[in-house]
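Shown next, in structure tokens, is the structure this report addresses.
Throughout, a chain's letter reflects where its sequence line sits, starting with A, and its residues are numbered from 1. Just so it is clear, the values below take in all heavy atoms, side chains as well, and ignore hydrogens, waters and symmetry mates.
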There are 2 protein chains.
Amino acid sequence: MTGSDTFFEEALSLLGPRGITRDPDLVAPSLTDWRGRYTGRAIALASPATTAEVAALVKLCDAHDVPIVPQGGNSGMSGGATPDESGTAVVLSLRRMNAIREIDVEGRRATCEAGVVLQTLHEAADAKGLRFPLTLGGKGSATVGGLISTNAGGCQVLRHGSMRALVLGLEAVLPDGQVFSMLTPLKKDNRGFDLKQLLIGSEGTMGVVTAATLKLLPAVADRVVIWAGVPTLGEARKLMLFCEEAMGDALEGFEVLPQACLDAVLDHLPDSRSPLEGRHGWHVLIEVVADSSAADTLRERCENMMASAFENELVEDAVMSASEAQAEAFWLLRESISPAERERGPAMQHDISVPVEKMPEFVETTAPMIEAKWPGTEAVAFGHLGDGNVHYHVIAPNAEDALGWQTGPGKEISRYVHDLVTEWGGSISAEHGIGQMKRDELARLGDPVALSMLRAVKQALDPKGILNPGKLI
Amino acid sequence: MTGSDTFFEEALSLLGPRGITRDPDLVAPSLTDWRGRYTGRAIALASPATTAEVAALVKLCDAHDVPIVPQGGNSGMSGGATPDESGTAVVLSLRRMNAIREIDVEGRRATCEAGVVLQTLHEAADAKGLRFPLTLGGKGSATVGGLISTNAGGCQVLRHGSMRALVLGLEAVLPDGQVFSMLTPLKKDNRGFDLKQLLIGSEGTMGVVTAATLKLLPAVADRVVIWAGVPTLGEARKLMLFCEEAMGDALEGFEVLPQACLDAVLDHLPDSRSPLEGRHGWHVLIEVVADSSAADTLRERCENMMASAFENELVEDAVMSASEAQAEAFWLLRESISPAERERGPAMQHDISVPVEKMPEFVETTAPMIEAKWPGTEAVAFGHLGDGNVHYHVIAPNAEDALGWQTGPGKEISRYVHDLVTEWGGSISAEHGIGQMKRDELARLGDPVALSMLRAVKQALDPKGILNPGKLI
């Protein structure tokens with residue numbers, strides 16, 4: 001028997017046949033990321049059913065020096081859950097740990113295992129008259145563990161923050177197999193720094209998240225979605241500040257897209273039409289929500305706000321959703337940007353952020369720079385203005401030889417975009433994480449002090465480097 | 001010259017005569033904590049004026065193996081900023097770094113140096129029509145750096161969280177003298193875990209906080225303070241959940257005290273009177289606030305809420321503040337509990353928390369246990385019901401031989417209270433930190449996995465252990 005055979009047999013006796021497999025057909029789906037950019041190899045696919053089994057497996061891996069690649073819904077954007085090509089690692093899927101252990105209605109929180117799919121959590125909270133406010137495109141596959149490990153964002157971050165702000169308690173298996181168990185939240189606890197922060201956003205490099213206690217909110221009783229047109233991104237920001245002032249915490253979303261983006265969406269979606277009659281430099285989607293205590297005045301407050309926005313010449317045109325179906329239709333336009341952009345041809349995509357107030361200037365300054373430096377390209381920005389987070393796509397001059405363009409000039413363009421973002425004090429990864437995709441760029445552009453802190457903590461918690469090697473750092 | 005002479009001379013040449021002193025009269029106030037429980041010795045008191053000077057000093061200390069005790073307002077509750085008796089350390093006061101570098105009105109944030117006093121920050125925000133929502137008794141001396149290093153809480157945590165939730169950006173000098181510089185906040189940034197969390201609440205053991213960017217909120221346009229009487233702490237919790245449901249985020253404070261506590265306050269405060277005519281098992285102070293967008297309906301909403309609370313028999317009696325003066329008067333009663341309790345005689349004080357929903361049961365179960373085990377004592381709980389955080393005082397049977405009681409049975413009582421809190425899944429330090437006061441108790445009762453993580457990170461960032469040795473871990 002080889003070393004990996006010995007390891008496999010021991011793991012099999014720990015986890016049973018449902019808990020680990022080497023069957024190539026069963027293992028294969030976990031070896032490629034969902035965008036198909038990365039493919040690796042693995043000794044086996046382990047799917048433990050309990051925290052104790054995860055801990056036993058991690059201890060075994062530690063003893064055999066077998067690297068571990070934790071995986072949730074395998075819907076990450078940066079290859080953070082895909083093993084490398086050495087074939088020495090085991091993929092540790094959390095999908096069998098999919099119990100919602102408790103929904104505490106009074107305390108407004110849910111305790112769930114790492115493998116719970118986001119949409120399942122939404123539905124479970126909804127059934128209790130509550131909601132989990134974070135949502136994103138991959139909600140049908142993304143798991144709680146993956147969302148925590150990547151500190152996922154989405155379209156509701158403006159008010160509720162990213163995953164970090166919603167994690168009240170956490171359970172994780174550390175690289176040495178010990179269980180870090182802080183599921184019961186204490187609202188006040190000052191016994192040193194908040195240890196669970198080490199696990200949130202560290203992409204499975206510091207520990208394997210096995211369960212979490214998450215914050216829930218009262219269900220949305222009513223919402224209004226407003227679609228508005230403004231001439232510039234700077235004007236969009238002014239409108240946003242105005243809406244924040246007027247609506248306070250009721251403002252939950254503020255998304256922006258240029259006219260060209262909307263045109264692409266309208267081409268892409270059959271039977272769709274623009275919410276506004278005219279053309280505008282930028283379009284804005286504004287979501288305002290109320291729970292039952294404030295629902296009866298919501299529509300009136302939105303009408304007052306928009307009347308005042310017109311008076312103050314903050315919008316060129318605007319329309320308020322008259323029904324939930326129309327609200328959905330507006331959001332569908334926003335959510336179709338990515339597929340619509342993909343239809344337009346190959347593009348380099350960047351998930352970046354800059355300080356919130358600099359976003360308009362950043363886009364207006366850098367897009368022409370890129371288009372001038374690489375003639376024929378088009379730089380398109382859209383996304384979460386309130387978070388300073390834009391998805392910044394640079395579209396190839398023509399669709400021929402897409403691969404050649406992406407690995408040649410496209411790569412240079414990405415480096416250039418990352419250089420610009422760094423110059424502007426921003427982040428080369430706003431939402432999607434570093435994974436393997438941006439690891440070299442982080443090493444090249446990251447603040448050396450921050451990188452050395454990250455590395456020192458990693459070395460301290462995982463001296464052998466068995467947890468998700470080759471990712472993040 | 002001795003080693004410490006050499007160190008002092010070199011430090012003097014770095015910082016100049018205003019930046020470091022050995023004058024015993026000048027050094028003395030920094031050697032004793034404000035409650036007078038701990039007194040230590042030090043080589044010198046350093047007061048650098050800039051982050052660069054702090055970094056230079058830390059490097060020098062590193063080279064000379066001189067331990068550093070960072071100190072802000074020296075108003076901590078756990079001896080965390082007081083040097084030990086060896087006299088080998090330098091006290092690093094941040095008080096000269098007291099500039100508010102910027103208040104960004106549009107972005108609602110303040111960038112201030114570590115030595116800025118909390119009250120100064122309140123006033124500066126106020127002058128711009130904004131507010132910094134965290135406040136506490138020591139606001140006239142507590143500094144931003146100390147508040148961050150201890151993750152301070154206070155009476156507004158219910159809605160706004162403790163210091164951790166208000167720190168948007170951070171600058172700190174690490175144990176090797178490198179400067180961690182993340183002052184410009186990015187709302188979304190996923191490049192590994194959130195490194196600034198290592199500095200928040202770690203009591204100066206991981207780095208010296210030199211500056212921070214803090215979240216501000218719109219100024220309070222109006223507030224209502226309600227004083228209510230309920231029979232039990234369990235009923236107080238029911239009332240709190242009802243108020244949360246009715247007022248949502250407008251509910252900013254929910255403080256509880258037993259009748260005996262109020263009696264002590266009324267004895268202590270000349271010319272004070274009880275807000276309610278009758279006597280009640282527990283008294284509740286409820287603070288509801290509104291910014292300008294919601295101020296005009298605030299009073300009406302509070303009236304409706306209380307009418308409904310009466311109807312549902314959630315209160316025995318209640319009164320709403322009719323003016324800001326009356327609101328202040330209600331708060332004065334709450335804030336006078338500590339001095340009033342001190343007048344009643346020696347007591348062992350505990351700053352503890354349990355999971356929020358267990359608080360009533362914890363108090364009702366454990367107080368009789370303590371009073372039975374140590375006849376003549378009285379266990380008094382009051383504080384932040386919404387945070388699961390009570391100040392839990394056990395009053396001595398008689399005031400004679402206070403010191404003997406405190407170091408004898410009192411110590412046993414504290415161990416017993418900490419045992420109970422740990423059994424109930426709570427924290428032996430809710431707000432005040434571990435410092436030197438609770439270090440042994442944390443080592444005795446802390447979760448071994450959590451402690452080993454804390455120690456591993458400390459060892460990684462400060463292998464020589466020069467930052468605030470003997471505190472926390």
Rounded to the nearest 0.5 Å, the OG1 atom of B:Thr210 sits from the CD atom of B:Glu171 at a distance of 3.5 Å
Most contact-rich option vs chain B, by heavy-atom pairs under 4.5 angstrom, among A:Ala152, A:Gly192, A:Ala460, A:Ser149, is A:Gly192
Whatever's closer than 4.5 Å to a heavy atom in chain A on B:Glu357 counts as side chain
Heaviest contributor of heavy-atom pairs below 4.5 Å to chain A, chosen from B:Leu472, B:Ile200, B:Leu195, B:Leu442, is B:Leu195
**Study point:** Beyond-backbone contact of A:Val167 with A:Lys196, side-chain heavy atoms, under 4.5 angstrom
**Key:** yes
Looking only at B:Gln178, B:Arg164, B:Glu203, the option with the highest number of non-hydrogen pairs under 4.5 Å against chain A is B:Arg164
Of A:Glu244, A:Gln459, A:Glu431, the largest count of non-hydrogen pairs under 4.5 angstrom with chain B goes to A:Glu431
Less than 3.5 Å apart, any donor N or O on the side chain of A:Arg191 or B:Ser427 sitting next to an acceptor on the other?
yes
*Can we say B:Arg108 and A:Glu245 salt-bridge, meaning some charged N sits less than 4.0 Å from an Asp/Glu carboxylate O?*
yes
When the 4.5 angstrom heavy-atom criterion is applied to B:Ile434 and chain A, the contacting part is both
- Task: Classify the angle between the aromatic ring planes of B:His350 and B:His418 as parallel (below 30°), tilted (30 to 60°) or perpendicular (above 60°).
- Result: perpendicular
Pair count under 4.5 Å, heavy atoms only, with chain A: among B:Pro185, B:Gly426, B:Ala246, B:Ser452, highest is B:Gly426
Answer key: most heavy-atom pairs under 4.5 Å with chain B among A:Asp249, A:Leu199, A:Thr184 is A:Asp249
>> Could you tell me if the side chain of A:Met206 sits less than 4.5 Å from the side chain of B:Phe193, heavy atoms only?
In response: yes
Ranking A:Lys458, A:Lys471, A:His384 by heavy-atom pairs under 4.5 Å to chain B gives rank one to A:His384
Would you say A:Ser353's side chain and B:Lys188's backbone share a donor-acceptor pair under 3.5 angstrom?
yes
Would you check if there is a donor-acceptor pair between the side chains of A:Thr205 and A:Asn468 at a distance under 3.5 Å?
-> no
Ranked by heavy-atom pairs below 4.5 Å to chain A, first place among B:Leu158, B:Asp104, B:Asp176 goes to B:Leu158
Ranked by heavy-atom pairs below 4.5 Å to chain B, first place among A:Leu461, A:Val157, A:Asp291 goes to A:Val157
Bottom line for B:Asp447: the part with an atom under 4.5 Å from chain A's heavy atoms is side chain
If you tally heavy-atom pairs under 4.5 Å between each of B:Leu241, B:Ile352, B:Asn190 and chain A, the highest tally belongs to B:Asn190
The interface call for A:Asn389 against chain B, heavy-atom contacts under 4.5 Å, is side chain
Applying a strict 4.5 Å limit to non-hydrogen atoms, the region of B:Leu198 in contact with chain A is both
The interface call for B:Pro218 against chain A, heavy-atom contacts under 4.5 Å, is neither
Exercise for review: For the pair B:His432 and B:His391, name the ring-plane relationship: parallel under 30°, tilted 30 to 60°, perpendicular over 60°.
Suggested key: parallel
### Query
Taking the side chain from B:Thr150 and the backbone from B:Gly146, do they hold a donor-acceptor pair closer than 3.5 Å?
yes
Under 4.5 Å to a heavy atom of chain A? For B:Ile473 that would be neither
Okay, B:Asp194 and chain A: the region with an atom under 4.5 Å from a heavy atom over there is both
If one checks every heavy atom of B:Arg237 against chain A at 4.5 Å, the contacting part turns out to be side chain
Kindly determine whether B:Glu441 and B:Lys438 satisfy salt bridge (charged side-chain N to carboxylate O under 4.0 Å, His left out), including the steps that lead there. CA-CA 5 Å; B:Glu441 284 293 83; B:Lys438 292 186 179 169; over 6 Å; no
So CE of B:Met77 and CG of B:Asp351: to nearest 0.5 Å the spacing works out to 7.5 Å
